[in-house]
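Note that these values count all heavy atoms, side chains included, but never hydrogens, waters or copies made by symmetry. Since we're looking at a predicted model, the values are computed, not measured.
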Amino acid sequence: YLFVLVKGKESMKLLGSFALILAGAIGNIIDSVLYGVIFSSSSYHGGYASLFPEGGGYSSILHGKVVDMLYFPIINGNIPSWFPFWQNESFHFFKPIFNIADTAITIGVIGIIFFSKHFLPVKPKVKVEEIGSKIAEGT
């Protein structure tokens, strides 16, 4: 589809958005197809996976898990004791954990939504009188 868009001389914003979606989808497929077969299992608390373990991977083909997870806690701390709710509870600003492939897909879809007016122009409405006159003229 990207080749069709390039041949049609579509907007670079549309091409970039579709390229991000395609790259994210390919990344997720690679994770699912290969990683269960070529890696050993790892744990959340610092256990690292090994490449091509002797006993085989942790799962069969098409049952791999996503491994490119990102976590950027910007602020870690505790809520002050004077705060009316959740006193002294731990607080983490920007807690989400995400992966690169899903981020690419999300940015691509947001790009299509955000830039849709640039590459999906609204066609002007044709008045009924103009259509009738064109039919009468035979054009």
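- The environment of CZ in Phe94 is crowded: more than 12 heavy-atom neighbours from other residues, nucleotides or ligands sit within 6.0 Å.
- Cluster annotation: Phe72 is connected to Phe93 through the hydrophobic network of ILVMFWY side chains, with a link wherever side-chain heavy atoms come within less than 4.5 Å.
- Annotation: the span from Leu62 atom CG to Leu34 atom CG amounts to 9.5 Å, rounded to 0.5 Å.
- Atom CE of Met12 sits about 10.5 Å away from atom CG of Leu14, to the nearest 0.5 Å.
- Cluster membership for Ile100 and Ile110, using ILVMFWY side-chain heavy atoms within less than 4.5 angstrom, is not shared.
- Taking CG from Asp31 and CD1 from Ile26, the interatomic distance works out to 12.0 Å, rounded to the nearest 0.5 Å.
- Summarising the geometry of Ser90 relative to His92, their closest heavy-atom pair is OG-NE2, 4.0 Å, with the distance given to 0.1 Å.
- Follow the hydrophobic side-chain contacts under 4.5 Å out from Val33 and you reach Phe52 in the same cluster.
- Around NE2 of His63, the count of heavy atoms belonging to other residues, nucleotides or ligands within 6.0 Å does not exceed 12.
- Of the possible donor and acceptor atoms, none in the side chain of Ser32 sits under 3.5 Å from a partner among the backbone N and O of Asn28.
- Considering all non-hydrogen atoms of both residues, Phe91 and Ile79 come closest at CB-CG1, 3.9 Å.
- Here the CD1-CD1 distance, from Ile112 to Ile107, works out to 12.5 Å after rounding to the nearest 0.5 Å.
- Ser116 and Ile113 get closest at one heavy-atom pair: OG-O, 3.2 Å.
- Of all non-hydrogen atoms in Ile105 and Ala25, the two that sit nearest each other are CD1-N, 3.8 Å.
- Remark: side-chain polar atoms of Ser40 are paired, donor with acceptor, to backbone N or O of Ser50 under 3.5 angstrom.
- Placement of Leu20 and Phe18 in two distinct hydrophobic clusters is found when ILVMFWY residues are connected by side-chain heavy-atom separations under 4.5 Å, directly or transitively.
- Ring geometry for Trp86 against Phe83 counts as parallel: the plane angle stays under 30°, on a 0 to 90° scale with 60° as the upper cut.
- Asn88 is not listed as a side-chain neighbour of Asn78, based on a closest heavy-atom distance of 4.5 Å or more.
- Atoms OH and CG, on Tyr35 and Leu51 in that order, are 10.0 Å from each other to the nearest 0.5 Å.
- Enclosure of atom CZ in Phe98 by more than 12 non-hydrogen atoms of other residues, nucleotides or ligands within 6.0 angstrom is indicated.
- When side chains are defined from C-beta on, Thr103 does not count as touching Leu70, because their heavy atoms never get closer than 4.5 Å.
- Minimum interatomic distance between Gly108 and Ser17 (heavy atoms only, all atoms of both residues): O-CB, 3.4 Å.
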